[in-house]
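Worksheet for the structure shown next.
Every chain is numbered from 1 and lettered A, B, ... according to where its sequence line falls, protein lines coming before strand lines. Keep in mind the model is a prediction, meaning the values are calculated, not measured.
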Protein chains: 2
Amino acid sequence: MNTPISTLTIGALAKSAGVGVETVRYYQRRGLLAANGAHRGAFRVYGMDEVARLRFIRRAQALGFSLDEVSELLALDEETDRERARAFAQAKIADVESRIRQLEEMRGALQGLVSCCEHTEAPAPCPILHALANAAEPPARE
Amino acid sequence: MNTPISTLTIGALAKSAGVGVETVRYYQRRGLLAANGAHRGAFRVYGMDEVARLRFIRRAQALGFSLDEVSELLALDEETDRERARAFAQAKIADVESRIRQLEEMRGALQGLVSCCEHTEAPAPCPILHALANAAEPPARE
DNA sequence: GTTGACTCCGTACTTCGGTACAGGGTTTAG
DNA sequence: CTAAACCCTGTACCGAAGTACGGAGTCAAC
């Protein structure tokens, strides 16, 4: 009766968020999760607060935040940092949108090559390879 | 009169495609560019064919192809590999589109959080941080 | 004939987010 | 009591696409 309900070993914690044990340890090394806390015998045990924190990390990652950014998000206070959290999210939206635009440019260029290829008669050199080999401009540096 | 026009040193070759010398050497190590060829004295020199090849590499990269994929593209023949080149480009389009969709999902989720934040009255805990801390489901594994 | 810019070769380091051991110790179910 | 399953610490490695650096050689101009 002195095993308080819901204290987990590292393996159970990891499973609760769908990650591997090594990932949890990695987050501890990075300071995203506390490395020392309650122990039961020789093993570290984790409570529901740490389950929540780990899930927070994974959700923020799924939204496109890097682990460094997740650190910053974790340091924000729900009560007093609303402005900052919103600015953070808006900056990430801008970031995601610029990546989308870049990919859309690639898609457009690729589609142009493919449709050109489809409209060229058979006994001609491949327009795709030809375009790659002989485009107008050298791609800008960077 | 025996310095044939347009044979370049590695530095000039690199500049002609807007990359660094180390990058050219890296492509040589990867087998994208030939490591041995004409020399003038102790230094390797490069011709227009190699300028074209280097630019081909950069352009294919800009379209989203990895260097491994660029190797495969370089191995294709303009005359006989039209089908393969087109299939390659179409596969890359699918790939780019799936990345776009993933980013659009992120953007949608972020926008939802931000607009929720904008519609909440001031003296309340931050809905963004709150959502990260208390979402419905743990994100699926993988 | 010397200075400065360039080249050669080899190796090591970078970022990012983990993953994979190795070589122990501990716990717990049967 | 023993064996499986789990945990601990520490270190090394992965892929991708380069970047950095050391130490030496060489080339071109003045």
Next item on the list: Check the pair R84(B) / E72(B) against salt bridge (charged side-chain N to carboxylate O under 4.0 Å, His left out), numbers first and verdict last.
Entry: CA-CA 10 Å; R84(B) 242 168 299 189; E72(B) 295 187 60; over 6 Å; no
Checking the side chain of [X] only, and the main-chain atoms of [Y] only, is there a donor and an acceptor separated by less than 3.5 Å?
X	Y	result
R29(B)	A35(B)	no
R82(B)	C117(A)	yes
E105(B)	Q102(B)	no
R53(A)	A34(A)	no
H130(A)	C126(A)	no
R59(B)	L132(A)	yes

Next item on the list: Calculate the interatomic distance between L13(A) atom CG and dC7(D) atom P; express it in whole Å.
Entry: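 From L13(A) CG to dC7(D) P: 10 Å.
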Between the protein and nucleotides 14-19 of chain D, which nitrogen or oxygen pairs come in under 3.5 angstrom?
residue : atom : partner : partner atom : Å
dA17(D) : OP2  : L67(B)  : N            : 3.4
dA17(D) : N7   : Y26(B)  : OH           : 3.3
dG18(D) : OP1  : R58(B)  : NH1          : 3.4
dG18(D) : OP2  : Y27(B)  : OH           : 2.9
dG18(D) : OP2  : Q61(B)  : OE1          : 3.4
dG18(D) : OP2  : Q61(B)  : NE2          : 2.4
dT19(D) : OP2  : T23(B)  : OG1          : 2.8
dT19(D) : O4   : R29(B)  : NH2          : 3.4

Margin query: Once you apply a heavy-atom cut-off of 4.0 Å, does R25(A) come out as touching a base, just sugar-phosphate, or nothing?
Written below: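 Base: the residue R25(A), judged by heavy atoms under 4.0 Å, touches a nucleobase.
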Please list, pair by pair, any protein nitrogen or oxygen found under 3.5 Å from a nitrogen or oxygen in nucleotides 3-6 of chain D.
none

Notebook entry, point to check: Any side-chain heavy-atom pair from D77(B) and L129(A) closer than 4.5 angstrom?
Noted result: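 Counting from C-beta outward, D77(B) and L129(A) never come under 4.5 Å.
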Next item on the list: May I ask you to test the L110(A)-I128(A) pair for a side-chain heavy-atom distance under 4.5 Å?
Entry: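 The answer is no; the side chains never approach within 4.5 Å.
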Notebook entry, point to check: Hey, where on DNA chain C does chain A first and last touch, going 5' to 3'? Cut-off is any atom under 4.0 Å from a heavy atom.
Noted result: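 In short, chain A contacts DNA chain C from dG17(C) to dT27(C).
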Note to self: For D95(B) and R99(B): C-alpha separation, side-chain torsions, deciding distance, then whether salt bridge (charged side-chain N to carboxylate O under 4.0 Å, His left out) applies.
What the structure shows: CA-CA 6 Å; D95(B) 182 278; R99(B) 286 195 276 160; 3.5 Å; yes
